[in-house]
> 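Handing you this structure, nothing more for now.
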Amino acid sequence: MTVENKVERGLFDEVMVPCYNPMEMVPVKGEGARVWDQQGKEYIDFAGGIAVSCLGHCHPDMVNALNEQSQKIWHLSNVMTNEPALRLAKKLTDLCFADKVFFANSGAEANEAALKLVRRYAADKFGPEKTEIIAFKQGFHGRTFFTVTVGGQAAYSDGFGPKPGDITHLPYNDIEALTEHMSDRTCAIMMEPLQGEGGIIPPTPEFAQAVRELCDKHNALLIFDEVQTGNGRTGNFYAYQGLGVTPDVLSTAKSLGGGFPIGAMLTTAELAEHMKVGTHGSTYGGNPLGCAVAEAVVDVVSKPETLAGVLEREALFREGLEKINAKYNIFAEVRGKGLLLGAALNEQWQGRARDVLVAAGKEGLMVLVAGLNVVRFTPSLVISKEEIDEGLARLERAIASLAK
Ligand SMILES: *Cc1c(COP(=O)(O)O)cnc(C)c1O
C-alpha cells in the first residue's frame, strides 16, 4: 500500500465481510491510555479494545517481551516442549485453583475447550445421559457455534442450521428457576461471574453460592467464563476470588494477552485427565510470542499494587460518574466491579448508549456500550489519575452536548 492509497473507512466496505460496522476514525498509534488517529487527534481510551489492553497500549514490559521472544523462536508445534507456554502455565496455575492449562487463541476457543472437557468428563464418568449444559440469558461466551449457542442471545446463534443440543438458558440471578430446573442430567453450568456483554450484571452472592451448591448436589461441573472479568479486571486476579465461589473450569483471554491474541482454559488435575492425547488441540495454541507477552502481562497485573490500584481507580470512576449524574441526571445506576463498570441510562435516556459513545468520540474519548442502555468502561488497569480526570471531563462535555 503506497502513501497515496491511504486506508480509510470506505475501504472496509470494499474488502471486508460486513459483520462489523466500524467508526470513521482510524486509530494508528497508542501509548498507555492514549490513542491517536490518522489526523493526529488524541483520544483517552476508556475502552482498551473491549477489556483487552489491560496495561494500556505498547506497555514497555510487553514490548520488551515481544521483541525478545521475536528474536528467539516464533512458533512451535504442540509436538514440542515449549518454554514460554510452560512458564506461563506455571504462573497461571500458581495464581488460582487450577492445576492444568490448555492454551487457545481466543476466548471462544478457551470456552470451546471448556465445554468439550465437561461433556467428555461427564460421558466418561457418568455415561451418555449426562449432557445438559445450563447457561444464562444475556450471557456471552464467544462466536464459535457451540459457544454462541451456549450464550444467552438466540439472535446470535439463529440462522445457521441445527445447533449443538441439550443447552438450557435460565435467568441470571434466579436461584429458584435454577433449583427447579437442575437435575442429575445436568453436565455443567457455564456462567460469567459478572455478565459483561449482557449489560454489566453482577451476580448476587447468594446466587453464586447456590450455583456452586447445586452443581455439587447434582455432580455437575461449574465453568466460569472469565474472558472479560479475568486478569485483574475486577480487582482480584480472577473475579471468582472476590466471589468466594470456586469453579471447576475457568476460561481466560482478552486481558491475558493485553492485546496479543491468546486464550486459556484452566482446570483441576482430576478433570484434565479426561483430555487425553488426541481429544483436543490447536495449531497456534501456546504460541511462544503470545505466551511471552502474556507472561509479562501477568507479572505486572498479579502484583498486589496493581490489583489494589484497580479498586482505587474504580472509586475515581464512580465518584466522577456520580458528579456528572448530579448535573445531567442521565444514569439510573453505576454497576460492576473494579474496572469493568457500566453506567446504566435512566428512563429519559433509554436507547441512547450509542449516542453517548459517538458524542464521546467527538470529544476525544473512547468508551464502550453493553446493549442499548449501558455505557461501559473497561480502561487500562494502570491508567493514570490524570487520564481518568481528563477522560471524565471529556465524557461530561459529550453528555452536555447531548443534553442541550
Ligand atoms: C469477549 C468474550 C468472549 C469471546 O472472546 P473472543 O476472544 O472474542 O473469542 C467470551 N466470553 C466472554 C465473557 C467475553 O467477554
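Basis for what follows: all heavy atoms, side chains included, without hydrogens, waters or symmetry-related copies. Order of listing sets the numbers, starting from 1, for every ligand and every atom in it.
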> Heavy-atom contacts with Ser106 under 4.0 Å: which atoms of ligand 1 show up? List them by number with element.
7 (O), 9 (O)
> Between Thr229 and Glu226, is any side-chain donor less than 3.5 angstrom from a side-chain acceptor?
yes
> Numbering the atoms of ligand 1 from 1, which are under 4.0 Å from a heavy atom of Ala108?
4 (C), 5 (O), 6 (P), 9 (O)
> Considering residues, nucleotides and ligands other than Glu129, do more than 12 of their heavy atoms fall under 6.0 Å from its CD?
no
> Quiz question for you: does at least one protein heavy atom lie closer than 4.0 Å to atom 9 (O) of ligand 1?
yes
> Side chain, backbone, both or neither: which part of Ile50 comes within less than 4.0 Å of ligand 1 when only heavy atoms are counted?
neither
> Counting from 1, what ligand 1 atoms have a heavy atom of Asn111 closer than 4.0 Å?
10 (C), 11 (N)
> If you take the nearest heavy atom of each of Lys254, Gln228, Glu109, which one is closest to atom 1 (C) of ligand 1?
Lys254
> I need the nearest protein heavy-atom contact for atom 7 (O) of ligand 1: residue, atom name and distance, please.
Gly107 N, 2.8 Å
> Which of the atoms of ligand 1 are close to Asp225, meaning less than 4.0 Å from one of its heavy atoms?
10 (C), 11 (N), 12 (C), 13 (C)
> Within the 4.0 Å heavy-atom shell around Gly142, which atoms of ligand 1 are there?
4 (C), 10 (C)
> Hey, what's the ring geometry for Phe317 with Phe377, parallel, tilted or perpendicular (30° and 60° as the breaks)?
tilted
> With a cut-off of 4.0 Å, which atoms of ligand 1 are near a heavy atom of Glu192?
13 (C)
> State whether the number of non-hydrogen atoms from other residues, nucleotides or ligands found under 6.0 Å of Gln348 atom CD is greater than 12.
yes
> For ligand 1, which part of His141 has a heavy atom less than 4.0 Å away: the side chain, the backbone, both, or neither?
backbone
> So, is Ala253 polar-close to ligand 1, with some N/O to N/O distance under 3.5 Å?
no
> Can you label the angle between the Tyr121 ring and the Phe126 ring as parallel, tilted or perpendicular, going by 30° and 60°?
perpendicular
> Looking at the rings of Phe97 and Phe224, which for Trp means the six-membered one, are their centres under 6.0 Å apart?
no
> Taking distance alone, with no angle check, do Val227 and ligand 1 share an N/O pair under 3.5 Å?
no
> With a sphere of 6.0 Å drawn around CD of Glu24, does it hold more than 12 non-hydrogen atoms of other residues, nucleotides or ligands?
no
> May I ask you to check whether over 12 heavy atoms, not counting those of Glu31, lie within 6.0 Å of atom CD?
no
> Take a 6.0 Å sphere around CE of Met80 and say whether it holds more than 12 heavy atoms from other residues, nucleotides or ligands.
no
